[in-house]
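These notes are about the structure you will find just below.
Residues take their numbers from the sequence shown, with the count starting at 1.
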Amino acid sequence: QVQLVESGGGLVQAGGSLRLSCAASGSIFRINAMGWYRQAPGLQRELVAAITSGGSRNYADSVKGRFTISRDNAKNTVYLQMNSLNPEDTAVYYCNADVLKVVSTPAVRYWGQGTQVTVSS
């Protein structure tokens, strides 16, 4: 099986920074795209940022210029550096990874358990 374990969430004041990490482990041949989503209370889960295996990135408009996604392919880990945080960024953040367990098979998306980020005003 494949597990994604997130870390780095917590409580921070507005204007502060946090760095989230998500490490994938288990039966992995290759990981294609990796990404971060978030879900605030009463709202749908939304894409925050994603990165391909080749390093191409895309961001939600609300986080452009403040958040940076990166990955370490050797460690099967994706990161989210979050700067200039504001209370609207408060949410549970989930990472995902599109994993191939065996060559020439379709990728399967796996999700982490979520980590809480709370930004106080």
Side-chain angles (χ1 to χ4, degrees):
Q1 296 302 318
V2 175
Q3 298 82 37
L4 273 63
V5 178
E6 298 143 341
S7 60
L11 174 64
V12 64
Q13 289 188 331
S17 298
L18 284 174
R19 188 188 193 217
L20 305 182
S21 299
C22 173
S25 62
S27 180
I28 298 172
F29 170 71
R30 187 178 71 235
I31 300 177
N32 290 341
M34 303 183 82
W36 290 94
Y37 281 68
R38 67 186 179 187
Q39 187 167 19
L43 298 179
Q44 290 188 332
R45 190 174 297 190
E46 62 175 0
L47 173 68
V48 176
I51 184 169
T52 68
S53 58
S56 296
R57 300 167 172 85
N58 68 288
Y59 297 93
D61 288 343
S62 60
V63 307
K64 284 180 180 177
R66 300 188 299 123
F67 291 10
T68 301
I69 189 170
S70 61
R71 64 190 283 175
D72 184 332
N73 290 331
K75 296 181 179 180
N76 289 333
T77 299
V78 63
Y79 306 96
L80 186 68
Q81 177 66 44
M82 305 186 294
N83 299 329
S84 302
L85 285 160
N86 59 61
E88 289 70 37
D89 296 315
T90 295
V92 177
Y93 283 69
Y94 299 90
C95 68
N96 66 45
D98 294 338
V99 177
L100 283 77
K101 290 187 176 181
V102 180
V103 63
S104 300
T105 58
V108 175
R109 176 160 291 185
Y110 291 88
W111 291 88
Q113 79 285 357
T115 185
Q116 177 70 46
V117 171
T118 302
V119 185
S120 63
S121 57

| message | Please determine whether side chain to side chain contact (heavy atoms under 4.5 Å, CB included) holds for the pair Thr105 and Phe29, giving the CA-CA distance in whole Å, both sets of side-chain angles, and the decisive distance to 0.1 Å. | response | CA-CA 10 Å; Thr105 58; Phe29 170 71; over 6 Å; no
| Would Tyr94 and Leu20 show up in the same hydrophobic cluster when neighbours are defined by side-chain heavy atoms closer than 4.5 Å? | no
| said: Can a donor-acceptor pair be found, under 3.5 Å and without considering hydrogens, that links the side chain of Tyr59 to the backbone of Ile69? | reply: yes
| Joint hydrophobic cluster, Val119 plus Trp36, side-chain heavy atoms closer than 4.5 Å | yes
| remark: Tightest non-hydrogen contact, residues Leu4 and Ala97, listed as CD2-N, 3.7 Å
| remark: d(Arg38 CZ, Glu46 CD) to nearest 0.5 Å is 4.5 Å
| query | Out of curiosity, does Ile28 fall in the hydrophobic cluster containing Val78 (side-chain heavy atoms, cut-off under 4.5 Å, transitive links)? | reply | yes
| field | Separation between CD1 of Ile51 and CG of Asn73, rounded to the nearest 0.5 Å | value | 8.0 Å
| query | With side chains defined as the heavy atoms from C-beta onward, is the minimum distance between Leu85 and Phe67 less than 4.5 Å? | reply | yes
| said: With side chain to side chain contact (heavy atoms under 4.5 Å, CB included) as the criterion, how do Val99 and Asn76 come out once you've worked through the C-alpha distance, each side chain's angles and the decisive distance to 0.1 Å? | reply: CA-CA 10 Å; Val99 177; Asn76 289 333; over 6 Å; no
| task | Output yes when a side-chain donor or acceptor of Gln13 lies under 3.5 Å from a complementary backbone atom of Ser120, and no otherwise. | result | no
| Which heavy-atom pair separates Val2 from Lys101 by the least distance, and what is that distance? | CG2-CE, 3.9 Å
| query | For Asn32 and Ser53, does a side-chain donor sit closer than 3.5 Å to a side-chain acceptor? | reply | no
| request: Enter the distance from Thr90:OG1 to Gln116:CD here, rounded to the nearest 0.5 Å. | output: 7.0 Å
| said: Would you compute the distance between atom CD of Gln81 and atom CG of Leu18 and round it to the nearest 0.5 angstrom? | reply: 8.5 Å
| request: Compare every heavy atom of Ala107 with every heavy atom of Leu100, then report the nearest pair and how far apart it is. | output: CD1-CB, 3.5 Å
| Does one hydrophobic cluster hold both Val92 and Met34, with members joined at side-chain heavy-atom distances below 4.5 Å? | no
| Would a distance-only check, ignoring hydrogens and angles, find a side-chain to backbone donor-acceptor pair under 3.5 Å from Arg71 to Thr52? | yes
| task | Working to the nearest 0.5 Å, report the span between CG of Asn83 and OG1 of Thr68. | result | 6.5 Å
| Shortest non-hydrogen contact from Ala40 to Ala91? | N-CB, 3.8 Å
| task | For residues 19-119, pull every pair meeting disulfide (SG to SG under 2.5 Å), keeping only residues two or more places apart or in separate chains. | result | Cys22-Cys95
| note | Of all heavy-atom pairs linking Arg109 and Asp98, the shortest is NE-OD1, 2.8 Å
| query | Do you know which two heavy atoms are closest between Ala14 and Ser121, and how far apart they sit? | reply | CB-CA, 4.3 Å
| field | Cluster link Tyr110 to Leu80, ILVMFWY, side chain under 4.5 Å | value | yes
| query | Measuring from Ser27:OG to Gln1:CD, what's the distance to the nearest 0.5 Å? | reply | 8.0 Å
| said: The test is side chain to side chain contact (heavy atoms under 4.5 Å, CB included); show your working for Val117 and Met82 and say whether it passes. | reply: CA-CA 10 Å; Val117 171; Met82 305 186 294; 3.9 Å; yes
